[in-house]
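Bear in mind the structure is a predicted one, so any value in this text is a computation, not a measurement. Lettering of chains follows the sequences in order, A, B, ..., and the numbering in each one begins at 1.
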Number of protein chains: 2
Amino acid sequence: MNSARLDATFAALADPTRRAILARLALGEASVGELTEPFAMSQPAISKHLKVLELAGLISRGRDAQRRPCRIEAAPLADANAWLEEYRQLWETRFANLDALLEELKAAEKKPVRRKSRPS
Amino acid sequence: MNSARLDATFAALADPTRRAILARLALGEASVGELTEPFAMSQPAISKHLKVLELAGLISRGRDAQRRPCRIEAAPLADANAWLEEYRQLWETRFANLDALLEELKAAEKKPVRRKSRPS
DNA sequence: AATTTCCATAACCAATAAGTTATGTAACGA
DNA sequence: TCGTTACATAACTTATTGGTTATGGAAATT
């Protein structure tokens with residue numbers, strides 16, 4: 001629904017490290033240290049990624065002594081999913097239409113048609 | 001499946017102008033000029049966005065005299081959708097588990113597990 | 001009180017992104 | 001052939017991104 005929100009969500013998902021972090025968090029909460037370990041990257045770099053994910057609303061953080069356990073938030077994903085799903089359906093039907101059109105043109109091959117895009 | 005492909009797809013979707021372009025193309029093919037018109041932006045700017053979409057595989061372009069009609073490509077979207085859907089499901093079950101856990105903790109409240117604060 | 005652990009923040013750097021204006025170019029129409 | 005249309009490309013600017021090292025700060029341990 002909200003465009004800026006979708007911006008942030010998709011931008012956050014555009015980085016493989018952040019997707020890996022989300023994949024890890026899908027298995028359960030994890031501290032920053034635990035999230036840093038599997039990557040060949042400094043801890044501040046991971047902290048930055050976590051901030052991006054947090055600003056996008058994809059994760060939230062708690063407190064457990066010195067640890068800041070991260071957990072996933074499903075809502076923004078649902079929005080992104082809804083957006084994708086909506087257009088994916090449109091595009092697929094669109095493709096179906098296009099295929100039909102191509103078949104039609106193939107059949108009537110003798111006459112090349114110049115037309116602006118307005119298929120029915 | 002392919003990480004770089006997902007990178008490009010999500011990055012392409014992270015821009016509202018590009019999402020609007022895709023939404024427009026979902027209604028049918030359009031030329032660059034037609035795509036430029038609704039935006040308060042120069043034609044080269046739109047051409048750049050189109051290149052991003054094309055490199056991500058989200059659109060392809062044909063030839064119709066001087067026009068370069070753009071049409072949508074559904075495949076990368078399906079991949080992005082699949083990724084999202086997979087993790088969305090994981091996350092939702094994860095949340096269900098968390099909720100259950102919280103209920104459990106709430107019920108067994110008498111037993112403080114954390115040695116954070118001394119009992120009074 | 002001092003130290004250690006866990007994490008955030010600051011300051012910096014190189015690369016990329018998103019826009020601009022100006023210019024080049026392919027195809028059509030007169 | 002000449003001009004026009006439709007688009008791409010180049011060159012440039014500014015802002016953002018993704019990484020680094022160095023430092024700071026809160027909470028637990030000793």
Side-chain angles (χ1 to χ4, degrees), chain A residues 3-4 6-22 24-25 29-56 58-71 112-117, chain B residues 3-4 6-22 24-25 29-56 58-71 112-119:
Chain A
S3 180
L6 271 182
D7 289 7
T9 300
F10 283 127
L13 294 176
D15 186 279
T17 301
R18 286 193 292 264
R19 286 200 307 276
I21 288 174
L22 289 177
R24 166 64 185 82
L25 289 180
E29 286 193 7
S31 69
V32 176
E34 288 166 346
L35 291 174
T36 300
E37 194 197 352
F39 297 101
M41 205 177 299
S42 67
Q43 171 262 314
I46 299 295
S47 279
K48 275 194 173 186
H49 282 304
L50 292 176
K51 174 162 278 184
V52 172
L53 290 169
E54 188 178 25
L55 288 178
L58 285 166
I59 68 170
S60 61
R61 287 139 127 175
R63 259 274 179 209
D64 173 26
Q66 304 119 325
R67 315 229 169 77
R68 314 296 306 269
C70 300
R71 60 180 169 283
V113 193
R114 291 259 287 106
R115 33 135 68 152
K116 303 261 308 194
S117 58
Chain B
S3 180
L6 271 182
D7 288 8
T9 300
F10 283 127
L13 293 176
D15 187 280
T17 301
R18 287 193 289 263
R19 286 200 306 275
I21 289 174
L22 289 177
R24 166 64 184 83
L25 290 180
E29 286 194 7
S31 69
V32 176
E34 289 166 345
L35 291 174
T36 299
E37 194 198 352
F39 297 101
M41 207 179 295
S42 66
Q43 170 262 314
I46 298 296
S47 279
K48 275 194 173 184
H49 282 302
L50 292 176
K51 173 162 278 185
V52 171
L53 290 169
E54 187 178 26
L55 288 178
L58 286 166
I59 68 170
S60 62
R61 287 138 126 175
R63 259 277 180 209
D64 173 27
Q66 305 119 324
R67 315 231 167 78
R68 313 295 305 272
C70 300
R71 60 182 168 283
V113 199
R114 285 273 144 248
R115 58 258 189 218
K116 181 175 183 176
S117 58
R118 62 182 63 248

Length of the CG-P vector between B:Asp64 and C:dA27, whole Å
12 Å

Find the distance A:Asp15:CG to C:dA17:C1' and express it as a whole number of Å.
15 Å

Assign a letter to each nucleotide of nucleotides 5-15 of chain C from its 5' end: B, base within under 4.0 Å of a protein heavy atom; S, sugar-phosphate only; -, no contact.
BSBBB------

With sequence neighbours excluded, tell me which residues meet side-chain hydrogen bond (donor to acceptor under 3.5 Å, both in side chains) with B:Thr36.
none

Could you work out, with side-chain contact (heavy atoms from CB on, under 4.5 Å) as the rule, every residue matching B:Pro38, not counting sequence neighbours?
none

Is any side-chain heavy atom of B:Leu6 less than 4.5 Å from a side-chain heavy atom of A:Leu13?
no

Results of side-chain hydrogen bond (donor to acceptor under 3.5 Å, both in side chains) for B:Glu54 - residues two or more places apart only
B:Arg61

Nearest whole Å is fine: how far is D:dC7 C1' from B:Leu53 CG?
16 Å

side-chain hydrogen bond (donor to acceptor under 3.5 Å, both in side chains) against A:Arg67, all qualifying residues, sequence neighbours excluded
none

For A:Arg68, give me all partners under side-chain hydrogen bond (donor to acceptor under 3.5 Å, both in side chains), at least two apart in sequence or on another chain.
none

Tell me: CG of B:Leu35 to C1' of D:dA6, nearest whole Å?
13 Å

Could you tell me how far apart A:Leu55 (CG) and D:dT16 (P) are, to the nearest whole angstrom?
14 Å

How close or far is atom P of D:dG19 from atom CD1 of A:Ile46, stated in whole angstroms?
8 Å

OP1, OP2 of D:dG19 versus side-chain N and O of A:His49: anything below 4.0 Å?
yes

